[in-house]
Amino acid sequence: MAMKNFEKYKKVYDWKKPNRRTWTDKEITKAPIWCSVDLRDGNQALANPMNMKEKIEFFKYLVRIGFKEIEIGFPAASETEYKFTRYLIENNMIPDDVKIQVLTQARKEIIEKTFESLKGAKNVIVHVYNSTSTAQRKYVFKKNKEEVKKIATDGAKLLVENMKKYPQTNWYFEYSPESFTATEMDYAIDVVNDILKIWYPALKNKPIINFPATVECSTPNVFADQIEYISENILDRDKMIISVHSHNDRGTGVATSEMAMLAGADRVEGSILGNGERTGNADILNIAMNMYVTGVDPKLDFSNINELKEKYEEYIKMPISPRHPYVGELVFTAFSGSHQDAISKSLQAIKEEKTEKWDVPYLPIDPADINRQYEPIIRINSQSGKGGVSFLLKNEYGYNIPKQMMQEVGYYIKDVSDKEERELNSKEIFEAFSSEYINRKDKVKLIDYNVKSEKDDDVELEVTLEVNDKKIKKQEVGNGAVDAFTAILKQLEYDFEFKYYSQDAQEEASNKGEKANAITYVMVEDNKKHKSVWAVGKSRSTIKSSLNAVLSAVNRI
Ligand code: KIV
Ligand code: ZN
């Protein structure tokens with residue numbers, strides 16, 4: 001039965017911004033105030049929530065990354081969260097420039113217990129919430145608008161009362177109309193304005209009003225319109241902070257937060273890699289890195305993304321999709337041949353032209369900036385182009401294949417991949433290239449050589465070869481060692497002409513532990529079969545490298 005039940009659904013929220021939106025013309029130019037909710041929203045959504053030790057370690061990690069506001073839990077809701085809050089405070093684990101944030105319902109006993117748990121802390125955000133949506137009012141609380149608003153304003157007053165009992169702490173207050181995205185806009189504004197009327201005169205710090213997309217129920221542009229409208233209608237906008245907290249039900253948690261920033265949000269709540277209730281929270285790493293790759297400092301440090309991955313796997317214990325932006329195993333891998341070609345050409349051009357700005361197709365970020373390796377960028381399968389193979393041989397093994405040779409090597413590697421019916425990794429590609437082209441000695445083998453004399457350009461070369469298990473000694477004079485060697489091989493009835501010769505030093509930085517070698521590339525034309533044959537010689541001696549290349553070609557004929 002096909003999906004026919006769409007008629008059962010309505011737009012959860014049918015609202016249009018009455019005046020013109022302006023956020024569509026804006027850009028994100030600075031980092032918002034970030035607030036990590038990993039230890040609260042994220043942790044509460046885990047099948048096995050973090051234990052005390054894990055929470056402590058994760059808190060330290062969040063501080064290290066650069067979060068200045070961290071929601072650590074719901075201390076009045078569980079003994080573990082209470083103990084964790086006390087542990088951080090009593091062990092002086094909260095740096096002076098970091099505010100811990102705790103969540104509380106707008107209920108007297110819960111608020112009192114929350115304040116108790118915070119005794120002795122320096123900077124704290126108390127985050128109070130109640131649900132305001134039509135469905136929650138109707139089905140859950142069975143209260144009208146005024147009654148639900150009263151829950152919120154009573155909670156706001158209780159925060160002020162309790163704050164007075166603990167004057168040593170620098171208090172910040174935050175209010176969330178939970179299920180905001182399914183709340184009527186003017187009602188939401190009415191509720192938050194009444195809260196601000198209580199808080200403005202009582203607080204020395206700007207109050208935070210957090211607008212959660214508790215459940216995403218529209219496209220992100222609608223949320224942005226809502227935030228812009230609120231910004232235009234909230235009481236004394238410049239005396240308060242607008243925060244957003246998006247979940248990811250429609251897979252647009254990141255876009256929702258980004259568009260909300262355009263629309264005026266000063267603060268973004270979310271979690272690393274988006275762990276949180278159901279489909280998760282907005283992924284802060286993703287939002288921050290999106291800023292980074294457009295030239296804006298996100299003020300969070302994800303330079304060691306592999307460590308982040310390890311921490312996530314250790315504490316959150318959830319798999320990371322190989323396609324997850326910036327972190328996923330495959331996000332710096334190009335499978336398509338044309339992508340590989342474009343990447344390799346652009347990286348080369350950037351290097352040669354010493355271009356300062358990153359400008360590489362298919363790689364929105366330089367993987368090295370987040371401690372990812374170039375190594376996995378290229379994998380070769382039967383669809384890959386020649387560019388990918390030569391890029392890999394050059395960057396990982398130091399072989400600078402001549403342009404004219406690239407196509408043949410590309411086809412050869414594709415052939416191997418086709419026969420194996422699978423993708424080849426870089427080591428396998430190198431091994432296939434090496435056994436086919438480098439220092440081949442299957443038919444004729446060089447046992448020894450001796451440059452007997454050099455006069456002007458004439459070189460007298462003596463070689464010992466092994467042909468069909470028989471050793472033969474030969475000597476010739478030629479215009480250089482290669483010429484003399486060619487003459488020797490011609491005596492053995494190998495009939496070919498030289499068409500290409502070049503030699504360079506293997507690039508040491510990338511040559512996987514090999515000592516720097518002279519690498520010789522040759523192409524000969526076989527006069528009998530009228531076929532061109534490419535080959536490669538490798539040796540620490542430049543002469544031997546050349547002789548190896550010639551012999552390798554002869555062996556490939
Ligand atoms: O998603 C949500 O609405 C929340 C609130 C408590 C802010 O997590
Ligand atoms: Zn949430």
Side-chain angles (χ1 to χ4, degrees), residues 12-13 32-46 49 67 69-78 81 99-107 110-111 114 125-137 140-141 148 151-152 155-156 159 172-185 187-188 191-192 195 207-218 220 223 226-227 230 240-254 256-257 260 265-284 286-287 316:
V12 173
Y13 194 71
I33 303 165
W34 300 110
C35 174
S36 149
V37 297
D38 293 81
L39 289 163
R40 198 276 299 170
D41 219 337
N43 192 48
Q44 80 187 38
L46 294 176
F67 281 102
E69 303 194 356
I70 303 174
E71 191 164 73
I72 57 166
F74 204 147
S78 91
E81 308 235 326
K99 297 168 200 147
I100 50 165
Q101 175 169 316
V102 291
L103 186 67
T104 176
Q105 285 174 350
R107 289 196 359 228
I110 296 185
I111 291 175
T114 304
I125 303 170
V126 182
H127 178 187
V128 61
Y129 76 98
N130 70 312
S131 204
T132 52
S133 71
T134 47
Q136 295 260 12
R137 293 195 314 258
V140 185
F141 301 106
V148 168
I151 300 177
L159 255 54
Y172 296 78
F173 289 168
E174 170 172 339
Y175 171 71
S176 291
E178 206 238 35
S179 59
F180 160 74
T181 38
T183 304
E184 304 89 323
M185 189 58 55
Y187 175 60
V191 174
V192 301
I195 284 175
I208 303 164
I209 304 291
N210 182 49
F211 294 95
T214 304
V215 177
E216 279 199 305
C217 48
S218 64
F223 188 75
Q226 291 174 318
I227 296 301
I230 278 171
M240 50 82 63
I241 289 168
I242 291 188
S243 172
V244 290
H245 171 118
S246 181
H247 281 264
N248 192 39
D249 300 80
R250 297 166 63 99
T252 52
V254 167
T256 295
S257 309
D266 311 297
R267 184 176 184 271
V268 170
E269 294 193 350
S271 61
I272 288 174
L273 306 194
N275 175 45
E277 285 286 355
R278 306 179 308 283
T279 48
N281 285 74
D283 175 357
I284 286 196
N286 201 159
I287 305 171
I316 309 298

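Ligands are counted one by one from 1 in listed order, and the atoms in each one are counted from 1 as well.
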Worksheet item: How wide is the angle at the Zn ion (ligand 2) between NE2 in H245 and OD2 in D41, to the nearest 10°?
Response: 90°

Worksheet item: Does at least one non-hydrogen atom of H127 fall below 4.0 angstrom from an atom of ligand 1?
Response: yes

Discussion item. Pair H247, E277 - check side-chain hydrogen bond (donor to acceptor under 3.5 Å, both in side chains), show working.
Written reply: CA-CA 8 Å; H247 281 264; E277 285 286 355; over 6 Å; no

Discussion item. Could you identify the single nearest non-hydrogen protein atom to atom 1 (O) of ligand 1 and state the distance to 0.1 Å?
Written reply: H247 NE2, 2.9 Å

Discussion item. Can you tell me if E277 contacts ligand 1 (heavy atom of the residue under 4.0 Å from the ligand)?
Written reply: no

Discussion item. Return the closest protein heavy atom for atom 4 (C) of ligand 1 as residue, atom name and distance.
Written reply: H245 NE2, 3.6 Å

Fill in: Side chain to side chain, C35 and Q101, heavy atoms closer than 4.5 Å
yes

Worksheet item: Between R137 and Y187, is any pair of side-chain heavy atoms under 4.5 Å apart?
Response: yes

Practice prompt. Quick one: pull up CG in N43 and OG in S271 and give me the separation to the nearest 0.5 Å.
Written response: 11.0 Å

Worksheet, complete the sentence: min-distance protein heavy atom vs atom 3 (O) of ligand 1 -> T214 OG1, 2.6 Å

Item to complete: Could you pull out the atom name of the N/O/S atom in H247 that is nearest the Zn ion (ligand 2)?
Response: NE2

Worksheet entry | Per-residue contact class, R40 against ligand 1 - non-hydrogen pairs under 4.0 Å | side chain

Worksheet item: Taking all non-hydrogen atoms of both residues, which atom of T279 and which atom of D249 are closest, and how far apart?
Response: OG1-N, 3.0 Å

